[in-house]
*Asks:* 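Sharing a structure, written as C-alpha cells. Questions coming.
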Amino acid sequence: MAFGQADILLPQGCDYDKWAVVACDQYTSQPEYWSRVERTVGSAPSALRLILPESCLDGPNVETDIMEINNTMTRYLREGRFRELKDALIYVERRLKNGRLRRGLIGKVDLEQYDYEPGAETAVRATEGTVMSRIPPRVAVRKNAPIELPHAMLLCDDCERTVIEPLEGRKGRMELLYDFDLMEDGGHVAGWLLDGESRELTLRALGRLCAPEAVRERYGMGEERIPFQLAVGDGNHSLATAKECYERQKRLTPPEKWEELPARYALCELVNLHDDSLEFEPIHRVVFHVKGKDLLESLLKAFPGAYEGEGRGHVLRYIWAEGEGAVTVPGPAQQLPVGTLQSFLDGYIAGHGGSVDYVHGREVAAGLGRRSGNMAFLLEPMEKGELFPAVLRDGTLPRKTFSMGEAHDKRFYLEARRIR
C-alpha cells in the first residue's frame, strides 16, 4: 500500500497550544496573522520556529531564516524535545470552528507511489495542477532539514467508512497523546496512538479498500492501468517538494538502497473523502477588462453545438452588466464544468487580454461580475463522488477547482518525522 505506519516524533515538555501552528501556505497576504502568532508563541518551543511561512519566501533574509530553522530543528532533537513513536499510526479528531468533527489518520506515504505530473499513472495522485515555480523555494527549505512537519492531507474514497471511522469506537483502548485547543479559531484537536490490534484492523481495512481488484471494479479501470488508491486533497505543493528532494537523493544512492532512504516517505494525514466535515466549496471565476458580448460569442464558437440556455451537458452560468444567462456545452470532453470553462478562459485571455480572478462566495463573485467590463461565471459545488473519477479521466483538475474548508480549518503542524 502507498500509506502506512511511521516513526512519528511528538513534541514533549511544551505547551501544545503554543507549539501547534497552521500550515505555512495560509494567510500569505495577511502578515498581521503571523504577527499575532509570533506574539502568542513568544519564546516558547514551537513549530513556528521549524517552518517558514510562505509570506516570507521572498523576504530579504530568507537564506538566513532557513539556516536558523535547520539549526533549531537540530537543537530540538539534541535537547530531547521529541518523543519517538515507532511504527505508529495516530487517530486524530479535529473539531472545527463550525462545530463539525473531522477524523483522520497520521502515517506516511511512499513517494515512489506518488507523482504530481499531469496524467501520472501512480497509486497516489495530485488533484490539481502543480505550479512549478512554487517548488524551488520550498526545496531550499527542506533539502537540508533533519525533520519534516506535515500539512499534506490525503483522501481515500471510502464510502462504506471502513478504515478511519471505526477507530472512534476504539478510543478507550488507545493511548491519548494530546487533547487541546488550537490558536486563532483553529478549533480543537485530539490524537490517540493506535494499539496493536487497532493498527492491524485499520491496515487490513485499508488494504481491502486499495486492493487492485477492488479499485478496478470501483472505477471501471482496465487491467493495464495502475490502481488509483489515494488523492492529495491538500498540501500538494508540500508533497511535490518532498518528492523532488527524494528524487535528488535517489540520484546519489544505489537503487538497492532507495527503500532505506528516510526521504522516500512523507508524513501526512489520511482523511475519508466521505467524512461529513468535508465540504467542497466552488471557486467562481470573474473575468475583468473584457467585452462581454465578444466573450460570449467566443464561448459559443469554442465548443461544437454550444448554445444559449440550460440543457444537457455542462451548463456555464454567467452574470454581467447586461444581465445573466447560461451557455450549455453538450458532449463535453472534460469531466467537470470547471474544466470546460477553464480551458476556454485560458485561451480567450491569451488571445484577447483581460484577467481572471478566483473568488470564494457566490454573492461576492456576482457583485463583481455586474460591474462594467467584467463577467462572472458561477459554478456549482463539486460532488465528492466526482473527484476520483475526474482525476482518473482528466488527470489533475484545473487549478482552483474546489476549496476544502477555510484557512483556519487547515492542518496545524504538530507531529514530525526524521527525513535524514
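Just so you know, these numbers come straight off a predicted model, no measurement behind them.
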*Asks:* Is the closest basic N to carboxylate O distance between E279 and R100 below 4.0 Å?
*Replies:*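 Salt bridge between E279 and R100, a charged N being under 4.0 Å from a carboxylate O: yes.
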*Asks:* Mind listing the closest non-hydrogen atom pair of R225 and L392 along with its distance?
*Replies:*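 Smallest interatomic distance, heavy atoms only, reads NH2-O, 3.4 Å.
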*Asks:* Less than 4.0 Å between a side-chain N and a carboxylate O, is that true for R102 and E93?
*Replies:*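 Not counted as a salt bridge, because no side-chain N and carboxylate O are separated by less than 4.0 Å.
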*Asks:* Return all side-chain donor-acceptor pairs below 3.5 angstrom for residues 180-189, not counting sequence neighbours, or 'none' if the list is empty.
*Replies:*
from: D181; atom 1: OD1; to: H188; atom 2: ND1; distance (Å): 2.6
from: E184; atom 1: OE1; to: R36; atom 2: NE; distance (Å): 3.3
from: E184; atom 1: OE1; to: R36; atom 2: NH2; distance (Å): 2.9
from: E184; atom 1: OE2; to: R36; atom 2: NE; distance (Å): 3.0
from: H188; atom 1: ND1; to: F180; atom 2: O; distance (Å): 3.2
from: H188; atom 1: NE2; to: D179; atom 2: OD1; distance (Å): 2.4

*Asks:* If every non-hydrogen atom of Q229 is compared with every non-hydrogen atom of A2, which pair is closest and at what distance?
*Replies:*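 Between these two residues, the closest heavy atoms are OE1-N, 3.2 Å.
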*Asks:* To the nearest 0.5 Å, how far apart are CD1 in I349 and CZ in F344?
*Replies:*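 The CD1 atom of I349 sits 8.0 Å away from the CZ atom of F344.
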*Asks:* For S46 and V21, which heavy atoms make the closest approach, and how far apart are they?
*Replies:*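 Shortest heavy-atom separation between S46 and V21 comes out as OG-CG1, 4.1 Å.
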*Asks:* Could you check whether any side-chain heavy atom of C156 comes within less than 4.5 Å of a side-chain heavy atom of L270, counting everything from C-beta outward?
*Replies:*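 Heavy-atom side-chain distance check passes, below 4.5 Å.
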*Asks:* Are I90 and L194 close enough, and set up right, to give a side chain to side chain contact (heavy atoms under 4.5 Å, CB included), and what steps lead you there?
*Replies:* CA-CA 6 Å; I90 297 176; L194 270 64; 5.7 Å; no
*Asks:* Do the charged groups of R411 and E415 touch, with an N to O distance under 4.0 Å?
*Replies:*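 A salt bridge is present here (some side-chain N lies under 4.0 Å from a carboxylate O).
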*Asks:* Does any part of the side chain of L273, heavy atoms only, come nearer than 4.5 Å to the side chain of D158, both counted from C-beta?
*Replies:*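 A side-chain contact is absent here, since even the closest heavy-atom pair is not under 4.5 Å.
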*Asks:* For a quick test of reading the model, state the closest non-hydrogen atom pair linking L267 to A416 and the distance between them.
*Replies:*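 Looking at all heavy atoms of both residues, the shortest contact is CD2-O, 3.6 Å.
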*Asks:* Please determine if K86 and D7 form a salt bridge, counting it only when a charged side-chain N lies under 4.0 Å from a carboxylate O.
*Replies:*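 Salt bridge between K86 and D7, a charged N being under 4.0 Å from a carboxylate O: yes.
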*Asks:* Quick one: ring pair (Phe, Tyr, Trp, His ring centres under 6.0 Å) pairs with a partner in residues 135-164, sequence neighbours left out?
*Replies:*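 Sorted pair list: H151-Y413.
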*Asks:* Provide the closest heavy-atom pair for P146 versus L77 in the form atom of the first, atom of the second, distance.
*Replies:*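 Reported closest heavy-atom pair: CB-CD1, 4.1 Å.
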*Asks:* What's the verdict on side chain to side chain contact (heavy atoms under 4.5 Å, CB included) for D357 and L368, showing C-alpha distance, side-chain angles and the deciding distance?
*Replies:* CA-CA 10 Å; D357 194 12; L368 292 170; 5.6 Å; no
*Asks:* Please round to the nearest 0.5 Å and tell me the distance separating atom CD of E310 and atom CG of L316.
*Replies:*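 Here the interatomic distance stands at 10.5 Å.
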*Asks:* Are L230 and Q113 close enough, and set up right, to give a side chain to side chain contact (heavy atoms under 4.5 Å, CB included), and what steps lead you there?
*Replies:* CA-CA 10 Å; L230 307 171; Q113 300 191 61; over 6 Å; no
*Asks:* Checking T401 side chain against L397 main chain: does a donor-acceptor pair fall under 3.5 Å?
*Replies:*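 No; judged by distance alone, with no hydrogens or angles, the pair does not exist.
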*Asks:* Might you work through the side chain to side chain contact (heavy atoms under 4.5 Å, CB included) test for R264 and D110, ending with a clear yes or no?
*Replies:* CA-CA 6 Å; R264 172 171 172 161; D110 184 357; 2.9 Å; yes
*Asks:* What residue pairs, at least two apart or across chains, pass side-chain hydrogen bond (donor to acceptor under 3.5 Å, both in side chains) with a residue in residues 377-390?
*Replies:*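 Passing the test, one end in residues 377-390: no pairs.
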*Asks:* Got a sec, which residues hit side chain to side chain donor-acceptor pair (under 3.5 Å) with Y114, two or more places apart in sequence or on another chain?
*Replies:*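 Partners of Y114 by the side chain to side chain donor-acceptor pair (under 3.5 Å) criterion, ordered by chain and then number, come out as N236.
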*Asks:* Would you give the length of the straight line joining atom OG1 of T122 to atom CZ of F228, rounded to the nearest 0.5 angstrom?
*Replies:*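 Between T122 OG1 and F228 CZ, I get 8.0 Å after rounding to 0.5 Å.
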*Asks:* Scan side-chain atoms only and decide if R393 and Q335 contain a donor-acceptor pair under the 3.5 Å cut-off.
*Replies:*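 Checked: R393/Q335 side chains pair up, N/O donor to acceptor below 3.5 Å.
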*Asks:* Regarding E121 and R125, does a basic nitrogen lie under 4.0 Å from an acidic carboxylate oxygen?
*Replies:*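 Salt bridge between E121 and R125, a charged N being under 4.0 Å from a carboxylate O: yes.
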*Asks:* Do the side chain of R285 and the main chain of I283 share a donor and acceptor less than 3.5 angstrom apart?
*Replies:*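 Side chain of R285 to backbone of I283, a donor-acceptor pair under 3.5 Å: yes, one is there.
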*Asks:* According to side chain to side chain donor-acceptor pair (under 3.5 Å), who are the partners of R371, at least two apart in sequence or on a separate chain?
*Replies:*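 For R371, no residue satisfies side chain to side chain donor-acceptor pair (under 3.5 Å) once neighbours in sequence are set aside.
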*Asks:* Has the side chain of R161 got a donor or acceptor atom that lies under 3.5 Å from a matching backbone atom of E165?
*Replies:*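 A pair under 3.5 Å: no.
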*Asks:* Other residues, nucleotides and ligands only: do more than 12 of their heavy atoms fall within 6.0 Å of CD on E63?
*Replies:*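 For E63, atom CD is not crowded (no more than 12 foreign heavy atoms under 6.0 Å).
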*Asks:* Taking all non-hydrogen atoms of both residues into account, name the closest pair between V163 and T202 and its distance.
*Replies:*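 Answer, listing the atom of V163 first, then T202: O-CG2, 3.9 Å.
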*Asks:* Within this structure, what is the CD-OH distance for the pair E112 and Y265, rounded to the nearest 0.5 Å?
*Replies:*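 Reported to 0.5 Å precision, the distance equals 8.5 Å.
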*Asks:* Would you find a donor on one side and an acceptor on the other, under 3.5 Å apart, between the side chain of E324 and the backbone of R317?
*Replies:*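 No, E324 side chain to R317 backbone: no donor-acceptor pair under 3.5 Å.
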*Asks:* Quick check on E256: does its CD atom have over 12 non-hydrogen neighbours (other residues, nucleotides or ligands) under 6.0 Å away?
*Replies:*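 Result for CD/E256: enclosed.
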*Asks:* Under 4.5 Å between any side-chain heavy atoms of I51 and I69, yes or no?
*Replies:*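 No, side chains not in contact.
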*Asks:* First locate atom CG of L193, then atom CE of M174, and finally report the distance between them rounded to the nearest 0.5 Å.
*Replies:*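 The CG atom of L193 sits 8.5 Å away from the CE atom of M174.
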*Asks:* Side-chain contact test, heavy atoms from C-beta onward, threshold under 4.5 Å: evaluate it for T127 versus L155 and give yes or no.
*Replies:*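 Sidechains of L155 and T127: no contact.
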*Asks:* Short question: side chain of R216, backbone of E223 - any donor-acceptor pair under 3.5 Å?
*Replies:*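 A pair under 3.5 Å: yes.
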*Asks:* With a 3.5 Å distance limit and no angle check, can you tell me whether N374 reaches the backbone of F288 through a side-chain donor-acceptor pair?
*Replies:*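 Absent.
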*Asks:* Between M221 and I226, is there a side-chain heavy-atom distance shorter than 4.5 Å?
*Replies:*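 No, their side chains stay 4.5 Å or more apart.
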*Asks:* Can you confirm whether more than 12 heavy atoms, excluding those of E160, are under 6.0 Å from its CD atom?
*Replies:*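 It does not: E160 CD has 12 such atoms or fewer within range.
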*Asks:* Going by ring pair (Phe, Tyr, Trp, His ring centres under 6.0 Å), name the pairs with one or both residues in residues 58-113, residues two or more places apart or in two chains.
*Replies:*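 Pairs touching residues 58-113 that pass the test: W19-Y76, W19-F82, Y91-W192.
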*Asks:* So, R420 side chain and K143 main chain: donor-acceptor pair closer than 3.5 Å or not?
*Replies:*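 Pair found, side chain donor or acceptor close to backbone of K143.
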*Asks:* Is any side-chain N of the basic residue among E269 and R94 closer than 4.0 Å to the acidic one's carboxylate O?
*Replies:*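 Salt bridge absent between E269 and R94.
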*Asks:* Kindly say whether Q334 contributes a backbone atom to a donor-acceptor pair with the side chain of T340 at under 3.5 angstrom?
*Replies:*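 No; zero donor-acceptor contacts below 3.5 Å.
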*Asks:* Evaluate R170 against S198 for side-chain hydrogen bond (donor to acceptor under 3.5 Å, both in side chains), listing each step before the verdict.
*Replies:* CA-CA 7 Å; R170 302 182 65 86; S198 298; 2.7 Å; yes
*Asks:* Quick one: are C56 and V62 in side-chain contact, heavy atoms under 4.5 Å?
*Replies:*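 The answer is no; the side chains never approach within 4.5 Å.
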*Asks:* Does the plane of the ring in Y178 sit parallel, tilted or perpendicular to the ring in Y16? Use 30° and 60° as the thresholds.
*Replies:*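 Perpendicular, since the angle between the ring planes exceeds 60°.
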*Asks:* Distance only, no hydrogens: is a donor on one side chain within 3.5 Å (strictly under) of an acceptor on the other, for E54 and Y27?
*Replies:*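 No.
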*Asks:* Does the pair D115/K243 count as a salt bridge with the N-to-O cut at 4.0 Å?
*Replies:*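 Looking at D115 and K243, the cut-off is not met.
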*Asks:* Spell out, as yes or no, whether a donor-acceptor pair under 3.5 Å connects the side chain of D15 to the backbone of D17.
*Replies:*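 Not confirmed, D15 side chain does not pair with D17 backbone.
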*Asks:* About how many Å separate CE of M1 and CG of L209, when rounded to the nearest 0.5 Å?
*Replies:*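 Spacing of CG (L209) from CE (M1) equals 10.0 Å.
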*Asks:* Do R312 and P330 touch side chain to side chain, with heavy atoms closer than 4.5 Å?
*Replies:*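 No; the side chains remain at least 4.5 Å from each other.
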*Asks:* For the pair R81 (side chain) and G13 (backbone), establish whether a donor and an acceptor sit closer than 3.5 Å, ignoring hydrogens and angles.
*Replies:*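 Yes, R81 side chain to G13 backbone: donor-acceptor pair under 3.5 Å.
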*Asks:* Would you indicate whether the side-chain heavy atoms of S277 and L96 approach each other to under 4.5 Å?
*Replies:*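 Result yes, sub-4.5 Å side-chain heavy-atom pair found.
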